[in-house]
Each structure stands twice: as structure tokens, then as C-alpha cells.
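A quick write-up on the structure given underneath.
Residue indices begin at 1 and follow the sequence shown.
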Amino acid sequence: MITVDALEPTTLAAWWATNLGGTIVEENDGFFVIVALGEGQPVIGFQKVDDPTPGKNRIHLDLTSPDYPAVVDTLVENGATKIGDREIPGGGFEWTTLSDPAGNEFCVSGGH
């Protein structure tokens, strides 16, 4: 399981479930909300905390989509913030860094 600290776990879990095609499978009175992404896929937990760790996340999700970069536009329309487009120096691999509505950074690419 990948766990994310959140001020509003239910709201954040719903956003991720919608945008990753997942399902909220446990709510635990809003204290620890679990999103299942499907058979053989990781599970994401959203844990209520009073004060999330400030600054840049030390761990983030790297997601891939055959619809990159169009999926980036959809994520932004759904409430993500685009931080910037990136590429490995010399070209060959590109991705976009975004943040979810709570400010957690993640990346999307077309794959490896």
C-alpha cells in the first residue's frame, strides 16, 4: 500500500479514485480511506493527519498513460496543477510534473 497523509482523506481519495479509475473500498470514518486500483495494482491509502509534512514530497507517484500528454490536460481540468514539463537531458524521455488538489506532486509520462 502507498499511504498519503491528508487533511481531508475522503476528498483526496475520491479525487484520486476518479482520476485513476479506482474505487474507494474502505472509509474508516474518514480517518483512513483506501482506494483500490484493480487486480494486481497497488492500493493507495489516505490517512488523516492534523499537520502534513511541509515541503516537497520525498516519495511521489510516477504514472504512465498511452494517452500522454492528453491525460495531463484531463488531470488539470479535474483539479490538478501543472508544475512543468520535463525531459531527460539529451531528449528521449519526457514527462509532466503535477500536483493533486492537496499539493502532493506526481508525474505522468507516456511510458518507458
Side-chain angles (χ1 to χ4, degrees):
M1 178 182 304
I2 301 163
T3 302
V4 177
D5 290 345
L7 293 173
E8 298 180 22
T10 303
T11 302
L12 194 56
W15 188 87
W16 279 102
T18 296
N19 286 285
L20 293 178
T23 304
I24 293 176
V25 294
E26 287 187 42
E27 293 195 40
N28 300 297
D29 295 325
F31 179 77
F32 196 85
V33 182
I34 298 174
V35 174
L37 301 177
E39 186 71 32
Q41 300 297 316
V43 175
I44 305 175
F46 297 86
Q47 175 176 278
K48 182 163 183 57
V49 296
D50 294 328
D51 188 21
T53 304
K56 186 178 182 312
N57 350 355
R58 294 181 58 137
I59 297 174
H60 67 265
L61 297 176
D62 283 335
L63 307 172
T64 61
S65 172
D67 296 326
Y68 174 81
V71 72
V72 170
D73 294 333
T74 300
L75 288 162
V76 170
E77 289 170 11
N78 289 342
T81 300
K82 183 176 177 181
I83 295 172
D85 294 318
R86 316 278 191 228
E87 68 177 296
I88 292 177
F93 187 77
E94 299 176 350
W95 70 95
T96 302
T97 303
L98 303 111
S99 65
D100 69 15
N104 299 302
E105 291 185 15
F106 63 100
C107 297
V108 179
S109 73
H112 300 281

- Can you check whether Asn104's main-chain N or O pairs, donor with acceptor, with Asp100's side chain at less than 3.5 Å? yes
- Say you draw a straight line from CG of Leu75 to OG1 of Thr18; how long is it, rounded to the nearest 0.5 Å? 11.0 Å
- Message: Applying a strict under-4.5 Å side-chain criterion to I, L, V, M, F, W and Y, I'd like to know whether Phe93 and Leu63 cluster together.
- Response: no
- Query: Heavy atoms, side chains only, cut-off 4.5 Å: are Val76 and Thr81 in contact?
  - Reply: no
- Query: Is there a donor-acceptor pair under 3.5 Å between the side chain of Ser65 and the backbone N or O of Asp67?
  - Reply: yes
- Task: Decide whether Val71 and Trp95 are clustered together by the hydrophobic rule: side chain heavy atoms of Ile, Leu, Val, Met, Phe, Trp, Tyr closer than 4.5 Å, transitively.
- Result: no
- Message: With clusters defined by side-chain heavy atoms of hydrophobic residues (ILVMFWY) lying less than 4.5 Å apart, directly or transitively, does Ile2 cluster with Phe31?
- Response: no
- Message: If you compare all heavy atoms of Cys107 against all heavy atoms of Asp62, which two are closest, and at what distance to 0.1 Å?
- Response: CB-OD1, 3.2 Å
- Task: Taking all heavy atoms of Pro9 and all of Gly30, pick out the closest pair and write down the distance.
- Result: CG-O, 3.3 Å
- Query: Can a donor-acceptor pair be found between the side chains of Trp15 and Asn78 at a distance below 3.5 Å?
  - Reply: no
- Would you check, one step at a time, whether the test side chain to side chain contact (heavy atoms under 4.5 Å, CB included) holds for Trp16 with Ile24? CA-CA 9 Å; Trp16 279 102; Ile24 293 176; over 6 Å; no
- Does atom CD1 of Ile59 have more than 12 heavy-atom neighbours, drawn from other residues, nucleotides or ligands, at distances under 6.0 Å? no
- Query: Shortest non-hydrogen contact from Glu94 to Glu87?
  - Reply: CG-CB, 3.9 Å
- In sequence, state the C-alpha distance, the side-chain angles, and the governing distance for Val108 and Thr64, and then conclude on side chain to side chain contact (heavy atoms under 4.5 Å, CB included). CA-CA 5 Å; Val108 179; Thr64 61; over 6 Å; no
- Is there a side chain to side chain contact (heavy atoms under 4.5 Å, CB included) between Ser99 and Ile83 once you walk through the steps? CA-CA 7 Å; Ser99 65; Ile83 295 172; 4.0 Å; yes
- What do the steps show when you test Arg86 against Thr97 for side chain to side chain contact (heavy atoms under 4.5 Å, CB included), and what is the final call? CA-CA 7 Å; Arg86 316 278 191 228; Thr97 303; 3.4 Å; yes
- Task: Return the minimal non-hydrogen interatomic distance between Gly79 and Pro101, and the atom names on each side.
- Result: O-CG, 3.8 Å
Could you go through residues 32-49 and list every donor-acceptor pair under 3.5 Å that involves a side-chain atom there, pairing it with any protein atom two or more places apart or in another chain?
residue : atom : partner : partner atom : Å
Gln47   : NE2  : Asp5    : OD1          : 3.4
Lys48   : NZ   : Leu7    : O            : 3.0

